[in-house]
Engineer: 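Once you've had a glance at the structure underneath, I'll fire off some questions.
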Protein chains: 2
Amino acid sequence: MKTADPELMRAINRFNVLDTIRRHGPISRVEISERSELSTTTVSAITGALLDDGLILTRHEGDLRNAAARGRPRVMLELNPDAARVVGAKIAAHSMVFVVTNFCGEVLSQLILPIRVNRQSIAVIADLIEDGVRRCVVDAGLSLGDVDSICIGLPGVVEHRTGIVRSSPIFRETDVDFASEMTSRLNVPTILESDAHAIALAHHWFGKARDLDDMVLVSLEQTLGLGVLHHGQLFRGAGGLSHNLGDLVLGIGPKDIVRLSALAGESAILGDRPDGGGRLAEAMRLGRGMALAQTLIAAEDNTLIAAATSAGEAVGLAVANIVTLFGPPRVIIVGSSLSLGAVFLDSLREAYRRAIPSSIQTVAELVFDESADETWAQGAAVVALCELYESPWGTTGPAPAL
Amino acid sequence: MKTADPELMRAINRFNVLDTIRRHGPISRVEISERSELSTTTVSAITGALLDDGLILTRHEGDLRNAAARGRPRVMLELNPDAARVVGAKIAAHSMVFVVTNFCGEVLSQLILPIRVNRQSIAVIADLIEDGVRRCVVDAGLSLGDVDSICIGLPGVVEHRTGIVRSSPIFRETDVDFASEMTSRLNVPTILESDAHAIALAHHWFGKARDLDDMVLVSLEQTLGLGVLHHGQLFRGAGGLSHNLGDLVLGIGPKDIVRLSALAGESAILGDRPDGGGRLAEAMRLGRGMALAQTLIAAEDNTLIAAATSAGEAVGLAVANIVTLFGPPRVIIVGSSLSLGAVFLDSLREAYRRAIPSSIQTVAELVFDESADETWAQGAAVVALCELYESPWGTTGPAPAL
DNA sequence: CCAATTTTTCCCCAATGCGGATTAATTCAA
DNA sequence: TTGAATTAATCCGCATTGGGGAAAAATTGG
């Protein structure tokens, strides 16, 4: 258990104030005090320190109170966008996306590399990522020295705490200490996170969960991932494991176990087609599988429609089970499989409707979101920013260890 | 978000010290200091306050160091068993169990009432519980005034935070504010908890999870429940909901959804028998169903063996899915269904073995436990004690509000 | 009986958050 | 233009916390 010294107290309140400023745009000290339930004195002290550290800025306008406001006008505070820069990356089987963001999480530059990293050696993948990071940083008009932190989002089972990739569809090996590898290559603190966790946090900051501190996100990419937000924080299982949704068992067939990934994984939907496999296989290899599938479904490709339908059904059941376990007010479903379109979605919704127990029917709402590629990378950047927000920084406090 | 004042800091450290003393028996101040990473000065101050408050006792013996220990001997500290008394209750369909425990959670008296409360009105159930609590307290040689807190463990979906029973197989109504009802009846602070959460905490304090701060417990009673311990605390979903495992979907049949409760619920295993239903139905009504089932299985009742087998299979799959999601180091499985014996257990283990993904095959170990009835009630008592431990109490601090 | 050793406490310090008084910056009315 | 009213932000002093180092306490070994 963590010992509670004044330093911790400080860190907690400091983080709360900073987070309040981030969430509620330009905001006055009084309002921070109301929202955070800290006294105005304390807020003043903390914002003073944050100003000294250059993490926030004052702005003498934008007071939105009743125009007939008497008295001393409020000074609005907002994040200093230039207080830090981070790099976020999303590595998928057929593409890599990089973004550089400022302290607010706003994208300064982005780089999409449609490169197949699938099953390359670790060294090659690390090379490609290193290159992508460096290029994206240069595109933003910066150098690596200006970057405070890097976060790489990966599919699979990623141990955030230790920076080890337990297993990932894009790695041949397991238990790879990839965070250390990238940190020493780039000479910038680099952390890892599951791609599902990254996009979940992106939705909490910018997307469809801005208003919620509890929610669940299901990502349907090559790998099926899960992100659980609990009291505003990512719920990382014991030891910081991410969740690997594809391994969920949906039923037990006559001969073997039926897993979710076997019904709803990208390769399950698109692969193993008796006819016309050539084009689709080729598209899949290039990461364009879902786009082509959309076209084929529009052309009433019955094999594919059947696959999409059963995939939707499987995901609907899995989501219902997750809602049963976690009872979140909202479930956000993202990922490339959404582009399969109505066939998939209707099937998913219908299966969910049937599977969700009536007692919690109204608890959760389903939300679908087809995020752009860079949103995923932005999510990774947010993971990095979160750590910066919590770090001690600054002028005050005993050890400004940086 | 909670504001971090000195009071909170105090509360955290105080709780840590108290919890360390509870867990590690008679223990010296130095050792507390080592374990909690607080300075000896702070430990001394806190233990001083705890001694003043009468929550702990000194003992001038039992120093287990090297006998040839020089210097001032350590003074051992331990919980004061008489610092408080709580009542824990477990309400099931066919029986109620009450215990009175001391501050250590040791049972002072217990009362088992084999009464069917199933589907009685709320008022009648409340009457029965009130009576049970009063009797059990008297049995312990106490009066209600000596009781500091009461916790009632119930099957179903229980909102601990608000004290509302969302749905329970023993209640006809839903959304019952049962905590208020019992508090006003007994005039002692009364809280609720799901029975699965209660037994999970009991295992953390006294049972098979003493050594772990992360684990999952699956309870197989009339209702199928889940308790998740995360960093030493019960993981309560958003809003403090308990989990209702029985609603999990295991597959989708040709005509309808197949839920876990339909395969592994008590009534699913024992009910709907074409032959010999009379005796079993009668036994079930009296809550002796599982005991009789054990006998029948030993006598090679094939219908029942089949039911137990498929129930085990279903639970095995569900447990595998839960391990996939939470990745706990240990899963404890408890509940009356365990008494079905090897048929059930072997089937469960085999299904689990088949269903658990190979990547996390070694993460979790399965442990089975047939706890006595009073252990469940003791778990409820522990829930009550946990709240007492966290409450401010005492001589120090600004407001000794009691 | 004294030295050595170990535990526990005492004294003082730095840091924190808070309450009340004070200062700052503005609007409104005369 | 000036002063009163009003609201925001800060300053000062207080209580509380935990921590470090010195001192006291309680033993054992010679």
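Chain letters run A, B, ... following the sequence lines, proteins first and then strands; every chain starts at 1. Values below: every heavy atom of this structure, side chains too, minus hydrogens, waters and symmetry copies.
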Engineer: D/dT27 base to B/R72 side chain: any donor-acceptor pair below 3.5 Å?
Structural biologist: no

Engineer: Where the side chain of A/N13 is defined as all heavy atoms beyond and including C-beta, which of C/dT9, C/dT7, C/dG17 is the nearest nucleotide?
Structural biologist: C/dG17

Engineer: Kindly give the heavy-atom pair with the smallest separation between B/C104 and B/L385, and that separation in Å.
Structural biologist: C-CD1, 4.3 Å

Engineer: Compute whether any side-chain donor of one residue and acceptor of the other, for B/E387 and B/H160, lie under 3.5 angstrom apart.
Structural biologist: yes

Engineer: Would you indicate, yes or no, if C/dG17 has its OP1 or OP2 atom less than 4.0 angstrom from a side-chain nitrogen or oxygen of A/T41?
Structural biologist: no

Engineer: How bent is the helix from C/dC1-D/dG30 to C/dA30-D/dT1, comparing axes over its five end pairs at each side, to the nearest 10°?
Structural biologist: 20°

Engineer: Check whether any side-chain nitrogen or oxygen of A/S39 sits under 4.0 Å from OP1 or OP2 of C/dC18, and answer yes or no.
Structural biologist: yes

Engineer: Let me spell it out: for each of B/I46 and A/S28, pick the nucleotide of DNA chain D with the closest heavy atom. Which residue's pick is nearer the 5' end?
Structural biologist: A/S28

Engineer: Can you tell me if B/D213 and B/H230 form a side-chain donor-acceptor pair at under 3.5 Å?
Structural biologist: no

Engineer: Applying the side chain to side chain contact (heavy atoms under 4.5 Å, CB included) criterion to A/H203, which one of A/L217, A/V382, A/L229 satisfies it?
Structural biologist: A/L217

Engineer: Between the side chains of A/R14 and A/D53, is the shortest nitrogen-to-carboxylate-oxygen separation below 4.0 Å, so that they form an ion pair?
Structural biologist: yes

Engineer: If I compare all heavy atoms of A/G227 with all of A/A200, which pair ends up nearest, and what's the gap?
Structural biologist: CA-CB, 4.4 Å

Engineer: Map A/V43 and B/V30 onto DNA chain C by nearest heavy atom, then report which one ends up closer to the 5' terminus.
Structural biologist: B/V30

Engineer: Rounded to whole angstrom units, what separation is found between the CG atom of A/D5 and the P atom of D/dG18?
Structural biologist: 9 Å

Engineer: Write down the distance between CE (B/M9) and P (C/dA14), rounded to a whole number of angstrom.
Structural biologist: 16 Å

